[in-house]
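What's counted below: heavy atoms across the whole structure, side chains too, no hydrogens, waters or symmetry copies. In the text below, chain A, chain B and the rest are named by the order of the sequence lines, each starting its count at 1. Here the structure is a predicted model, which is why all the values come from computation and not from measurement.
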There are 2 protein chains.
Amino acid sequence: MPKIVDHEQRRARILEGLVRVAGRRGIHAVTMRSVATEAGVSLRLVQYYFQTKARLMHAALLDLERQSHERWAARLARLPQPPSPRAFVEAFVDEALPSDEDSRVFHLVWTSYAVLAMTDPELAEQPFVDGPNQLERQLVDVLKRAQADGLLAGGLDARLEAARLLTLTHGLGTSVLIGQRTVSAATRVLRYHLDHLFGRSDRAQPTTASTSIS
Amino acid sequence: MPKIVDHEQRRARILEGLVRVAGRRGIHAVTMRSVATEAGVSLRLVQYYFQTKARLMHAALLDLERQSHERWAARLARLPQPPSPRAFVEAFVDEALPSDEDSRVFHLVWTSYAVLAMTDPELAEQPFVDGPNQLERQLVDVLKRAQADGLLAGGLDARLEAARLLTLTHGLGTSVLIGQRTVSAATRVLRYHLDHLFGRSDRAQPTTASTSIS
DNA sequence: TGAGTTATGATACAGATGTATCATAACTAG
DNA sequence: CTAGTTATGATACATCTGTATCATAACTCA
């Protein structure tokens with residue numbers, strides 16, 4: 001058995017190329033050749049490691065999903081256990097806004113895929129339905145716990161608050177990508193939202209070294 | 001001067017074809033030929049009336065923007081003058097959700113353009129920045145008026161509430177398009193939001209024959 | 001060292017796509 | 001009726017794109 005090369009590594013490199021192309025020139029600029037060039041490999045290699053464009057695109061989507069899950073898991077792990085509801089929620093919104101360049105590219109490409117999935121049922125709708133639903137459930141749990149502990153403002157419904165928070169955050173992310181809002185403007189709206197969700201009492205005790213909402 | 005044909009009508013027909021193609025097969029399926037076929041005209045005519053694909057795409061975007069403005073103006077005109085803040089806001093969210101098939105196509109294509117605009121500065125960012133900003137200003141005015149009349153819940157900031165409402169609505173629309181939420185689920189979240197925005201008091205006095213939030 | 005397998009290069013090809021060109025039909029004005 | 005202009009058809013072309021093919025380099029193992 002000859003010339004063993006790490007397939008996963010090669011594939012990862014190519015997928016990174018794809019994401020860079022899609023992030024800079026749009027997902028319509030993703031071609032076998034543009035990805036190959038961006039990744040610094042030959043067209044043949046993209047074919048070799050992904051066979052077809054459809055599979056390449058699919059693989060990139062799965063990879064984005066995986067990365068996103070990993071980042072979120074790592075973020076959660078960095079919180080004190082168990083995290084306070086407010087810390088949990090702030091970590092969530094901080095992760096969900098396109099704050100730095102990497103994050104911007106990630107959200108841009110992810111959104112591009114989401115739009116593709118709207119007309120292409122082949123392109124797994126799982127990531128765009130199950131993913132948010134799972135996050136929403138996590139948020140529901142945390143908010144219910146907060147409510148039981150009397151940390152939420154009165155008259156709120158945990159389930160609906162989770163949906164509202166998730167959707168609002170996502171909408172703000174989009175408006176940042178599109179250039180309608182700056183990240184800090186979006187952050188301001190979210191801080192306002194959280195201040196009304198939790199009582200105006202417990203504001204932002206930074207629980208991690210990373211940038212917290214402020 | 002011979003064979004006078006109504007250019008605007010021809011252009012409109014072609015643009016309708018474009019929107020149908022983009023709505024059914026995605027904006028990447030929009031080609032000179034697919035649009036021509038969908039509109040029932042020859043490739044040559046698409047060239048003749050729009051010269052280049054870039055101009056065709058641009059024209060379609062401007063047309064979508066115009067339609068949207070007209071629908072909103074007509075909707076406002078149907079409200080009692082001056083409309084109550086709650087009626088105004090409910091008309092807004094009702095217009096902003098992809099409820100029927102036409103609306104679904106409109107929002108889908110609009111969102112597709114928005115994603116394109118994220119990487120293509122040529123594609124006027126005006127519609128995606130100025131448009132929402134203008135809507136947001138309208139909402140701010142209405143909410144300030146409501147606040148002055150004591151119709152809003154206490155402790156709210158009209159400006160931030162406008163941003164929150166706009167973004168939340170948009171985010172819910174996206175989640176509907178993607179199939180994560182049904183329209184009625186989205187409506188439920190919005191009703192909840194509005195009930196907390198206005199005091200839990202004045203619920204939905206239907207002010208138009210059209211479907212109101214309920 | 002040699003045989004066999006993996007990884008990669010070079011190249012070809014068919015189909016699609018945007019655009020250009022040439023011709024001519026359809027029509028109006030004088 | 002005819003000349004001239006607009007509107008449309010037919011077709012061609014270069015480029016891009018996904019995919020396939022053939023060759024061979026690179027390497028491992030016996």
Side-chain angles (χ1 to χ4, degrees), chain A residues 1-62 109 112-113 116 119-120 122-123, chain B residues 1-62 109 112-113 116 119-120 122-123:
Chain A
M1 301 256 165
K3 196 175 190 182
I4 294 304
V5 8
D6 187 337
H7 273 228
E8 285 318 304
Q9 183 175 322
R10 275 267 191 281
R11 287 170 61 94
R13 177 172 178 179
I14 293 172
L15 293 181
E16 285 166 21
L18 185 152
V19 170
R20 277 199 301 273
V21 169
R24 178 157 21 90
R25 298 198 283 142
I27 209 170
H28 58 270
V30 169
T31 72
M32 295 278 160
R33 281 168 241 258
S34 67
V35 168
T37 301
E38 180 73 31
V41 302
S42 72
L43 167 61
R44 181 68 178 86
L45 288 198
V46 179
Q47 289 188 274
Y48 185 72
Y49 288 102
F50 293 95
Q51 293 78 46
T52 166
K53 187 186 179 184
R55 286 197 230 187
L56 171 65
M57 296 289 288
H58 193 70
L61 176 56
L62 291 183
V109 180
S112 304
Y113 268 104
L116 282 191
T119 52
D120 182 2
E122 301 293 318
L123 216 59
Chain B
M1 300 255 165
K3 197 173 188 182
I4 293 306
V5 8
D6 187 337
H7 272 229
E8 284 318 304
Q9 183 176 322
R10 274 267 191 283
R11 287 170 62 96
R13 177 172 177 178
I14 292 172
L15 293 181
E16 286 166 20
L18 185 153
V19 170
R20 277 198 300 273
V21 169
R24 178 156 22 90
R25 299 198 282 142
I27 208 169
H28 59 271
V30 168
T31 73
M32 295 279 163
R33 282 167 241 258
S34 68
V35 169
T37 300
E38 180 74 28
V41 301
S42 73
L43 167 62
R44 182 66 179 85
L45 288 198
V46 179
Q47 289 188 275
Y48 185 71
Y49 288 102
F50 293 95
Q51 291 80 46
T52 166
K53 187 185 179 183
R55 285 197 229 187
L56 171 66
M57 296 289 288
H58 194 71
L61 176 57
L62 292 184
V109 180
S112 303
Y113 269 103
L116 283 190
T119 51
D120 181 3
E122 303 291 318
L123 215 59

Atom-to-atom span, [atom1] of [X] to [atom2] of [N] - whole angstrom:
X	N	atom1	atom2	answer
B/Leu18	C/dG18	CG	P	11 Å
B/Arg55	C/dG18	CZ	P	15 Å
A/Tyr48	C/dG9	OH	P	12 Å
B/Leu45	D/dA10	CG	C1'	12 Å

Output a table of donor-acceptor pairs, distance under 3.5 Å, between side-chain atoms of residues 48-56 of chain B and any protein atom two or more places apart or on a different chain; print 'none' if there are none.
residue, atom, partner, partner atom, Å
B/Gln51, NE2, B/Tyr48, O, 3.1
B/Thr52, OG1, B/Ala54, N, 3.4
B/Lys53, NZ, B/Val30, O, 3.0

Open item on the list: So, OP1 or OP2 of C/dT8: does either fall under 4.0 Å of a side-chain N or O from A/Ser42?
Closed with: no
Task: N/O (side chain, B/Tyr49) to phosphate O (OP1/OP2, D/dA7) under 4.0 Å - done: no
Task: Pair B/Ser34-B/Thr37, side-chain donor/acceptor within less than 3.5 Å - done: no
Task: Distance, nearest 0.5 Å, that separates CE of B/Met32 from CG of B/Leu45 - done: 12.5 Å
TODO: Would you give the length of the straight line joining atom CE of B/Met57 to atom CG of B/Asp120, rounded to the nearest 0.5 angstrom?
DONE: 9.0 Å
Open item on the list: Taking the axis from the first five pairs and the axis from the last five, what angle separates them in the helix from C/dT1-D/dA30 to C/dG30-D/dC1, rounded to 10 degrees?
Closed with: 0°
TODO: Return the set of residues passing side-chain contact (heavy atoms from CB on, under 4.5 Å) with A/Glu8 (not counting sequence neighbours), or none when no residue passes.
DONE: A/Asp6, A/Arg11
Determine all donor-acceptor pairs shorter than 3.5 Å in which one atom belongs to a side chain in residues 18-28 of chain B; sequence neighbours excluded.
residue, atom, partner, partner atom, Å
B/Arg20, NE, B/Glu38, OE2, 2.8
B/Arg20, NH2, B/Glu38, O, 3.3
B/Arg24, NH2, B/Glu38, OE1, 2.7
B/Arg24, NH2, B/Glu38, OE2, 3.0
B/His28, NE2, B/Arg25, O, 3.4

Task: Listed partners of B/Ser112 passing side chain to side chain donor-acceptor pair (under 3.5 Å), at least two apart - done: none
TODO: Under the side chain to side chain donor-acceptor pair (under 3.5 Å) rule, collect the residues that match up with B/Thr119, sequence neighbours excluded.
DONE: none
Polar pairs (N or O, both sides) under 3.5 Å between protein and nucleotides 17-23 of chain D?
residue, atom, partner, partner atom, Å
D/dG18, OP1, A/Lys53, NZ, 2.9
D/dG18, OP2, A/Met32, N, 2.9
D/dG18, N7, A/Arg33, NH2, 2.4
D/dG18, O6, A/Arg33, NH2, 2.8
D/dT19, OP1, A/Thr52, OG1, 3.1
D/dT19, OP2, A/Thr52, OG1, 3.3
D/dT19, OP2, A/Lys53, N, 2.9
D/dA20, N7, A/Gln47, NE2, 3.0
D/dA20, N6, A/Gln47, OE1, 3.1
D/dT21, O4, A/Arg44, NE, 3.3

Task: Residues in contact with DNA chain D, drawn from residues 7-16 of chain B - heavy-atom cutoff 4.0 Å - done: B/His7, B/Arg10
- [ ] Would you confirm whether A/Arg13, through its side chain, and A/Ala39, through its main-chain N or O, come within 3.5 Å as a donor-acceptor pair?
- [x] yes
